[in-house]
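Here is the structure we will look at, set down as structure tokens.
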Number of protein chains: 2
Amino acid sequence: MAEDRRTRRSRRALGTALVELVLERGFTALTVEDITERADVARATFYAHFRDKEDLFARVTADLLSELSERLAPAVAESAIGFTGKPVLEMLRHAHEERDLYRIVLRGEGDGKPLQMFVDACARATTEEFRARAERNAVRPRIDPELLARVWVGEQVAVLRWWVEQDTPSLPAAEVVRMLLDLALHGRYWASGFEPPA
Amino acid sequence: MAEDRRTRRSRRALGTALVELVLERGFTALTVEDITERADVARATFYAHFRDKEDLFARVTADLLSELSERLAPAVAESAIGFTGKPVLEMLRHAHEERDLYRIVLRGEGDGKPLQMFVDACARATTEEFRARAERNAVRPRIDPELLARVWVGEQVAVLRWWVEQDTPSLPAAEVVRMLLDLALHGRYWASGFEPPA
DNA sequence: TCAATTGCAGACACTCTGTTCAGTAAACGA
DNA sequence: TCGTTTACTGAACAGAGTGTCTGCAATTGA
């Protein structure tokens, strides 16, 4: 017995209603009744499943995050050598599928808490990846891996947000990844048009 | 007649009370009464000055932003040639002085709205700066200046947040600036310890 | 089919909001 | 210094939203 069908229905409906409404009016502006009305569910039912709207939001984003890390796992394992960009590409694909939710999270809705969780999770994973990679290839980082991870994730999130907020995607995911690789290899100085200094 | 002293006193008190309390409990958890109590001001007085707590927060952050851009102006004008890092250094100094407020904003309190304003303002200014610089030095950007600006600002914000959230600053501002310059020049690949590829 | 579970509608006390107002205190200009 | 202007106070107000609880109806899984 996996779960009562009614339970599943209600939870799903409430989740999607939340996402829709946050996109339309913003998280703080929403009422629990707004959500239940959109989901066509009684208000009392909401409280049977979630403590409050923050709780609902937290669960929705937590699900998204675990879905992402599942999809990322093979790509990360595969590109164990260097900066292949495979995980980034996979993330962009995921973001494309779950565009609405990504928008909401990246806008920092809900006091930015879901976003911080997202960022921190990415930063931790990236830090470890950097450390492992340095070890494997026997090189010494010129900058602390943790800081470097923060920089990398910050860049990542900025690009992701920009990409996801566009009404008509100006660049395909593969292009974005190539660009980011170029940046990682040559630096911003090169990217802005200058010749690399000796 | 600049402004009534009582008015100034009340506004200041409410502003600092807000910052303190957001740092302690988070923005959404706060009540208008919490703020007025901390500020030792009648609740009715609050509404004589601000529409709601969002309004208060918006004004506090707007003030911070204009203060920052004032301080940045000379540094930007001075470093018209290339990536001197002077504006970044000035920003870090400012962040050090207004540490509490910077923390709050960078945490995305208030549904991330103040942060978005901050980021967008920086991104616009940076885009223009990049364009102007390319024009002046007669080089053609290899990546769209607007995207490059987003990347740069994203990195910036990530570092800023990391730096401001540390209990005991592990790196002095000047060190951070030098690091960022290195990154801009050589890229992350180099920073993580690998030799630059031919 | 039947027992168990979930959803439903409505009511409840409670907290917070944003507004109003008459009385009091402080600041200002001359 | 004094009169006038202005801001602050404390209290009360209706309204909206919250979170909880009820008995009853509908669905479910076995």
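Keep in mind that the numbers below use all heavy atoms, side chains included, and drop hydrogens, waters and symmetry copies. In the text below, chain A, chain B and the rest are named by the order of the sequence lines, each starting its count at 1.
The environment of CD in A:E70 is sparse: at most 12 heavy-atom neighbours from other residues, nucleotides or ligands sit within 6.0 Å.
Taking atom CD on B:E54 and atom P on C:dC16, their separation rounds to 15 Å, with Å as the unit. Between A:F46 atom CZ and C:dC8 atom C1' the separation is 16 Å, expressed in whole Å. Atom-to-atom, CD of B:E33 to P of D:dG10 comes out at 12 Å; the value is rounded to the nearest Å. With rounding to whole Å, A:L21 atom CG is found 14 Å from D:dG17 atom P. A:L56 has its CG atom 16 Å from the C1' atom of D:dT18, to the nearest Å. The CZ-C1' distance, from B:R9 to C:dA26, rounds to 10 Å in whole Å. The distance from atom CZ of B:F50 to atom C1' of C:dT17 is 17 Å, rounded to the nearest whole Å. Atom-to-atom, CZ of B:R11 to C1' of D:dT6 comes out at 13 Å; the value is rounded to the nearest Å.
For D:dG19, one of the phosphate oxygens OP1 or OP2 lies less than 4.0 angstrom from a side-chain nitrogen or oxygen of A:Y47. When the side-chain nitrogen and oxygen atoms of B:S10 are compared with OP1 and OP2 of D:dC8, one or more of them lie within a distance under 4.0 Å.
Checking D:dT9, C:dG7, C:dA9 against the side-chain heavy atoms of A:T45 singles out C:dG7 as nearest. Of the candidates D:dC21, C:dT6, D:dT18, the closest approach to any side-chain atom of A:T31 belongs to D:dT18. Among the nucleotides D:dG19, D:dG29, D:dT27, the one closest to any side-chain atom of A:R6 is D:dT27. Between D:dT20, D:dT9, D:dC21, one nucleotide has an atom nearer to the side chain of A:R43 than all others, and that is D:dT20. Checked against D:dG10, D:dC8, C:dC8, the side chain of B:H49 finds its nearest nucleotide in D:dC8. Comparing D:dA7, C:dT6, D:dA11 by their closest approach to the side chain of B:D4 singles out D:dA7. The side chain of B:R8 lies closest to C:dC28, out of C:dC28, D:dA7, C:dG7.
Judged purely by distance below 3.5 Å, without hydrogens or angles, the side chains of A:R161 and A:Q156 never pair a donor atom with an acceptor atom.
Each of B:D52 and B:R5 was assigned the nucleotide of DNA chain C with the nearest heavy atom; the assignment lying further toward the 5' end belongs to B:D52. Residues A:T7 and B:V32 each lie close to DNA chain C; by heavy-atom proximity, the contact nearer the 5' end of the strand is made by A:T7.
Between A:E128 and A:R124 no salt bridge is recorded (no basic side-chain N to carboxylate O distance below 4.0 Å). Look at B:R38 and B:D34 and you find no salt bridge, because none of the NZ, NE, NH1 or NH2 atoms lies under 4.0 Å from a carboxylate O.
In this structure, A:H96 has its ring center no closer than 6.0 Å to that of A:Y102.
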